[in-house]
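Let me begin by presenting the structure, written as structure tokens, before commenting on it.
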Protein chains: 2
Amino acid sequence: MEKKNVTIYDIAREAQVSPATVSRILTGTTSVREEKRKKVMEVIEKYDFHPNANARALAENRNKSIAMVVAHSDNSYYSSVFAACESEAYRRGYVLLLMDTSSRAENEVSVLKRVQELRPEAMILCGGRIDLEKQDPEFLSLLRQTMGFTRIVVGSRSPLPGIPGISVDHRASMEMAVRYLAGLGHREIGFVYTGKQFYGTAERLAEFRRVMKGLNLPLRKEWLIGVKDYSVDGGQEGAEKLLKLEKIPTALLGMNDMVSAGLLQGLLAAGLRVPEDISLMGFDDTFVTCITAPQLTSVGYDYQSYGAELVRAALEPEAEWEQDRRIPVFIEERASCAAPGKR
Amino acid sequence: MEKKNVTIYDIAREAQVSPATVSRILTGTTSVREEKRKKVMEVIEKYDFHPNANARALAENRNKSIAMVVAHSDNSYYSSVFAACESEAYRRGYVLLLMDTSSRAENEVSVLKRVQELRPEAMILCGGRIDLEKQDPEFLSLLRQTMGFTRIVVGSRSPLPGIPGISVDHRASMEMAVRYLAGLGHREIGFVYTGKQFYGTAERLAEFRRVMKGLNLPLRKEWLIGVKDYSVDGGQEGAEKLLKLEKIPTALLGMNDMVSAGLLQGLLAAGLRVPEDISLMGFDDTFVTCITAPQLTSVGYDYQSYGAELVRAALEPEAEWEQDRRIPVFIEERASCAAPGKR
DNA sequence: CCGAAAATTGAAACCGGTTTCAGTTTTGCC
DNA sequence: GGCAAAACTGAAACCGGTTTCAATTTTCGG
């Protein structure tokens, strides 16, 4: 059954035309006499011929692929993002080359090398060193170099002129969250955060302070709780720290849904009722929100349009892009927030 | 800054050797005089040259890529699987081309076409029509045709001779789960399933019946509850159906962790205590298990080794593969199961 | 120092497409 | 029917590597 690869030459020979003509039919660049087209199409059908994408890529000097580099492909935030990117890329006839750096610097380096060999038309970079608040000069120079080869788009703020940054609007999300809680009547609000070295966190912390101050709400240092990571464990750690305080806030924001889920567990275990005794909110609006009891109110993003924007920015370099763009956010109300009760 | 692509010819000219020599240095196929090698390496360094992977692919007729086709890339089961595959592929110097079919037949067709053009060295196919209990002849013939071009491996049972099937050992997982619950003293066990048309479900249902019978436990039809989908909603639907019964089992198996999480919510909402009143178990051992309260005991798989096996099977066709292989399973004990109480 | 074997090397063909360029055919119009 | 313009077509170059093959250089035993 050793099927030899059928080429455009085979098709040409059998259809008694030149390879050039077959190519023209395939690419549709020039019109071809109907009679020949029909004949060629028949032969193509007969052999179920598919043009070799590698050869085409070499000849056209473009290969219809986008490298998608993420920090942790099994994290549900990232998988939502790249599922969205994949769908948009597919719509445009592109394929995503998925690479996972596990947030390790050495992988980031070798992945970029790989990208330079693969010559995808663009690279979408999400997570890892790119998100650092204080950007890493070594990594930046690596990016700058890569930029010479392929267009880069990052799912963060723009690290360099010429690299568009598209990210969730952290500031707006925080403002919206705080205002929402304030609107319910909360004055005492805490924030359990992690990864202060990352840009998104830093931005949210700053915005939290700003909005609280603006609304004239008390800003107590012990209600800003840093925890070790973005996980359920992190949330539980947060709950423990919180429960040691003599006074706890009436509402709590968790860094993301996982942290909030952990907080929830910790608080419920301590006998608190949510939302009667304390309200709780998350960020990202992942499916985690539907799994907890009560279900989590969360600030969400439209992943589909996030992905579409990333891909669009990656493939339309000619367009006039702002250096930085923000994906709009919205609040998905569920059951974990209510007006503060009396205690 | 318009950097023209540096080619092997540019390197050759500058280093005063032939392109062939540069190529030999890059591929390491033949020895090259140390002095020339050094000179060439210098020039390569100088221009930070990376050979064009497309050209190489065309010449070598292999492109070090694997197409990974999944049904829903944002589902945490699939993202665990492909994160594992990516890691193994990367280790071997391969890149994964990620494609998502959204379980839609028309996408499955066009994705396969795409694969034939891209000529990856192999394709790993997980989820979608491939998992159907009663296999779809149209799809099979499509696969058979694709097989002529690239090696296929499926994350399910083998659909055709020559296509290795590697899958979670559904039977063992069910047997293990039932025996575990029986070991705790449960005699009345229910199973909330979904997707009877899929192979894994069918296999688990059959195995459930077999093991229950073997252990001489009561097999009541109303404790086998079919629900609409693999989600939290599906679980809630299951809980509703269950709560209408006049007698409910003392332990319950959910199709996967999401379904079990939904079940948990439904049961807790109805005032039942878990595990005191009813024990609950999930499958897949995803991070969902850690988010619920109580945390879910679940049957898990080693995703890392699952991914490694898939990739290995994809890239080592010469090896003697069994047609079908099963990934071992284990029980991850958490807090949702206990000995049955009296009611 | 000589000759044969071993190690290196370059020219050229090749991988499978696309595209330019220069004919060759057709078409459209008077 | 004749001619210019438009439409089509094929030969050949090219994309950027790898590899075969034959020639050249080195190495080494005697």
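Quick note on labels: first sequence line is chain A, next is B, and so on, each numbered from 1.
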Original post:
C/dG10 phosphate, OP1 or OP2: any side-chain N/O from B/K36 under 4.0 angstrom?
Top reply: yes
Original post:
Out of C/dG17, C/dT9, D/dG16, which nucleotide sits closest to the side chain of B/Y9?
Top reply: D/dG16
Original post:
Which comes earlier along DNA chain D counting from the 5' end, the contact point of A/V17 or that of B/F49, where each point is its nearest nucleotide?
Top reply: A/V17
**OP:** Would you mind reading off the distance between A/I25 atom CD1 and C/dT19 atom P, rounded to a whole angstrom?
**Re:** 15 Å
**OP:** Flag the pair A/K39 and A/E42 as a salt bridge only when some basic side-chain nitrogen lies within less than 4.0 angstrom of an acidic carboxylate oxygen.
**Re:** no
Subject >> Salt bridge A/E117-B/K64, side-chain N to carboxylate O under 4.0 Å >> reply: no
Original post:
Out of D/dT19, C/dG16, C/dC21, which has the shortest distance to the side chain of A/T7?
Top reply: C/dG16
**OP:** Report the distance from atom NE2 of A/H50 to atom C1' of C/dG17, rounded to the nearest whole Å.
**Re:** 16 Å
Original post:
For the side chain of B/I8, counting heavy atoms from C-beta on, which of C/dG10, D/dT18, D/dA11 is nearest?
Top reply: D/dT18
Original post:
For B/R37 and C/dA7, what is the distance between atoms CZ and P respectively, to the nearest whole Å?
Top reply: 15 Å
Original post:
Is the closest basic N to carboxylate O distance between A/E35 and A/K38 below 4.0 Å?
Top reply: no
**OP:** Specify the separation, in whole Å, of atom CG of B/D10 and atom P of D/dC15.
**Re:** 11 Å
Subject >> Interface with DNA chain D, restricted to residues 55-64 of chain A and to heavy atoms under 4.0 Å >> reply: A/L58, A/A59
Original post:
Do the rings of A/F149 and B/H50 sit parallel, tilted or perpendicular, given the 30° and 60° boundaries?
Top reply: perpendicular
Subject >> A/T21 vs D/dG10: side-chain N/O to OP1/OP2 distance below 4.0 Å >> reply: yes
Subject >> Spacing between A/E34 atom CD and D/dT9 atom C1', to the nearest angstrom >> reply: 16 Å
Original post:
Any idea which of D/dT18, C/dT18, D/dG10 is nearest the A/S23 side chain?
Top reply: C/dT18
Original post:
Between C/dT18 atom C1' and A/N52 atom CG, what is the distance in whole Å?
Top reply: 13 Å
Original post:
Of the candidate nucleotides C/dT18, D/dT9, C/dG16, which contains the atom at the shortest distance from the side chain of A/T27?
Top reply: C/dT18
Subject >> Nearest listed nucleotide, side chain of B/R24, among D/dA11, D/dG16, C/dT9 >> reply: C/dT9
Original post:
Once you round it to whole Å, what is the distance between P of D/dT27 and CZ of B/R33?
Top reply: 7 Å
Original post:
Are side-chain N/O atoms of B/S18 and B/T21 paired as donor and acceptor at under 3.5 Å?
Top reply: yes
Original post:
Looking at residues at least two apart in the chain, or sitting in another chain, which of them share a side-chain contact (heavy atoms from CB on, under 4.5 Å) with B/R13?
Top reply: B/D10
Subject >> Options D/dA11, C/dT26, C/dG10, nucleotide nearest the side-chain atoms of A/A20 >> reply: D/dA11
Subject >> Residues forming a side-chain hydrogen bond (donor to acceptor under 3.5 Å, both in side chains) with A/R33, sequence neighbours excluded >> reply: none
**OP:** Quick one: sort the A/Y77 and A/Y303 rings into parallel, tilted or perpendicular, breaks at 30° and 60°.
**Re:** perpendicular
**OP:** Could you tell me the separation between the OH atom of B/Y47 and the P atom of D/dG16, rounded to a whole number of Å?
**Re:** 16 Å
Original post:
What is the nucleic acid contact for B/V22, judged by heavy atoms within less than 4.0 Å: base, sugar-phosphate only, or nothing?
Top reply: nothing
